[in-house]
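Just so we're on the same page: letters track the sequence lines, and every chain starts at 1. Just so we're clear, the structure is a prediction, and the values are computed from it rather than from any experiment.
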Amino acid sequence: MLPHESTPIVARFAPSPTGSLHLGNARTALFSYWWARKSGGRFILRIEDTDQERSQIKFRDALLADLAWLGMDWDEGPDVGGPSAPYSQAERGAFYAGLYSDLERSGRAYPCYCTAEELELSRKLQRMAGKPPRYAGTCRALSQAERAEREARGLRPSLRFQVASGAAIVFEDAVHGTQRFASDDIGDFIIRREDGTAAFFFCNAVDDSAMGVTQVLRGDDHLTNTPRQLMILEALAMRAPAYGHVGLLVGADGAPLSKRHGSTSVAEFRQRGFLSVALLNQLFRLGHTGDVEAWLPASQMAAHFRPEHLGRAPARFDEAQLVHWQKESVARLSAEEMKEWLGAHDSPDFVELIRHNVVLPTDATPWREVVSGELPPLGDSERHLIGAAGHEFFRAALGAFDESHGDFKLLTKLLKDKTTRKGAELFMPLRVALTGQAHGPELAPLLKLMPAATARRRLERYAQNP
RNA sequence: GCUCCCUUCGUCUAGAGGCCUAGGACACGGCCCUCUCAAGGCUGUAACACCGGUUCGAAUCCGGUAGGGAGCGCCA
């Protein structure tokens, strides 16, 4: 790509290590990554592990592994360090503490002693009254004495951001265009939890700013949260990044992607044997249109990424389309890659023969059985094909087999003369008898790969009268 | 309830007032190739949510309706 086409941006991916990498998150990570790389900018990985209960090291490690499997690398991150270290929010407490006291000093934040139960009740009442559930402002104007009284009762305060009244928050969304919100629609919100840890709105915003992120790309579900983050940064006089919100990735029925839609995590697709380049090609085209339609190698995706063609509407994930990119990807595998992907000691001839008949490594198993194992029982339609051919046909086939000494071309020629059958009538019964299936790789090379005794036994079986 | 977002073939999408009797891809059907199915090549069916307006002209602009989604959390 040409560097002058766009100014270098600093993008980031900021996952929470509370589970495995979800397809939707992987997609926004990829979009950010491609954008950064295309622009010649930087890509940062930050771990948002402020939720101590749910965050786990094993999830963090798995996350890094999944991102690497997808071909991503980062210029700054928890494992590689960087100028804005640390890249784990759990380790950034001191940084947040300074900002909290700035906010308290300037009167933009105040301690809130309301309990979770009180807040829950308040929201319920507001909802019932047909009003938006917003913080009522109970602790907003507490006197020094009132605070001391609550502290004395052993109440631990959270810290709330005081939203200015009558303000308009306007920003340019990279995907949706100009967005305008009224501060009066937003209640005071918590920026530090009772246990002293930083809340998402706060740490996510200040870290993006402090780390020099210039372009935040995230899911649409964050669009209406953006004004809160903009207000925090403004109160702190910190530079705000540009935000862009892409349409969500949903299941085939339009509902948020979940377990009942099948595989939803990157790890699951990897375990099933999908190639990362296949997943990449699929994700590249969901909610985004690049400047080429054809299959792309991972190395060229950044160059063909077009941030101005990011989609606003939710995109449905359709596994059939992923299967297509998987086929395209398998077709391009080298012989060695193919063998490694199949994970078995297959002969090169076998691997090439089944290449176009396997989508996932497990699809090779039946063909291995065809070549050197036992055939499973026939299905109904296969049985009909055998029955329609009749015992006479297989008796003739057996004779032709013996006469041709493994030369399939000669075998079919002899058989054609003996039975006057040709085309599908000739080939299909042979295929079914020999492989147990009505479809598959070319028959001649397949026959060559199986022991003569095995092939003969399979024909013999149908040559006998029942 | 309030605020915000979204709506082109079954699916992913192109389309930024005339190039659109709406293009491509997946899926599906047909044909060709191969004495067979698959693979491969070609081809077909199929969409502007709805109603008004602006305009000589609207998928594209405006308003409304309907439907879907998100946020309003001491979860991110």
Short side-chain N/O contact to B:C2 OP1/OP2 from A:Arg127, under 4.0 Å
no
Taking CG from A:Leu155 and P from B:C74, how many angstroms apart are they, rounded to a whole number?
16 Å
Expressed in whole Å, how much space separates the P atoms belonging to B:U65 and B:G71?
24 Å
Check whether A:Tyr243 forms a cation-pi arrangement with A:Arg218 (NZ or CZ under 6.0 Å from the six-membered ring centre, at most 45° off the ring normal).
no
Paired with A:Gln179, the side-chain contact (heavy atoms from CB on, under 4.5 Å) test is passed by just one of A:Leu223, A:Ile169, A:Val170, namely A:Leu223
Short side-chain N/O contact from A:Arg123 to OP1 or OP2 of B:C74, under 4.0 Å
yes
Whole-Å gap separating C1' (B:A76) and CD1 (A:Ile190):
15 Å
Are more than 12 heavy atoms from other residues, nucleotides or ligands located less than 6.0 Å from atom CZ of A:Arg180?
no
Check whether any side-chain N or O of A:Tyr100 sits under 3.5 Å from a backbone N or O of A:Ile191 as a donor-acceptor pair, and report yes or no.
yes
Heavy-atom protein contacts under 4.0 Å, nucleotides 27-44 of chain B, coded B base, S sugar-phosphate only, - none:
--------BBBBS-----
Taking atom P in both B:G69 and B:C74, compute the distance separating them and give it to the nearest angstrom.
24 Å
Tell me, please, whether A:Trp325 has A:Arg285 positioned over its six-membered ring: NZ or CZ under 6.0 Å from the ring centre and within 45 degrees of its axis?
yes
Parallel, tilted or perpendicular: which describes the rings of A:Phe201 and A:Phe189, with under 30° parallel and over 60° perpendicular?
perpendicular
Integer angstrom distance from the P of B:C61 to that of B:U45:
29 Å
Taking the P atom in each of B:G73 and B:A66, what is the distance between them to the nearest angstrom?
27 Å
Does A:Thr289 put a side-chain nitrogen or oxygen below 4.0 Å from OP1 or OP2 of B:A14?
yes
Expressed in whole Å, how much space separates the C1' atoms belonging to B:G30 and B:A46?
15 Å
Aromatic rings A:Phe284 and A:Trp34: how do their planes relate, parallel, tilted or perpendicular, breaks at 30° and 60°?
perpendicular
Contact under 4.0 Å: A:His222 side-chain N or O vs B:A70 OP1/OP2
no
OP1 or OP2 of B:A76 versus the side-chain N and O atoms of A:Thr50: is any pair under 4.0 Å?
yes
From B:C75, B:C74, B:C2, nucleotide with atom closest to A:Arg54 side chain
B:C75
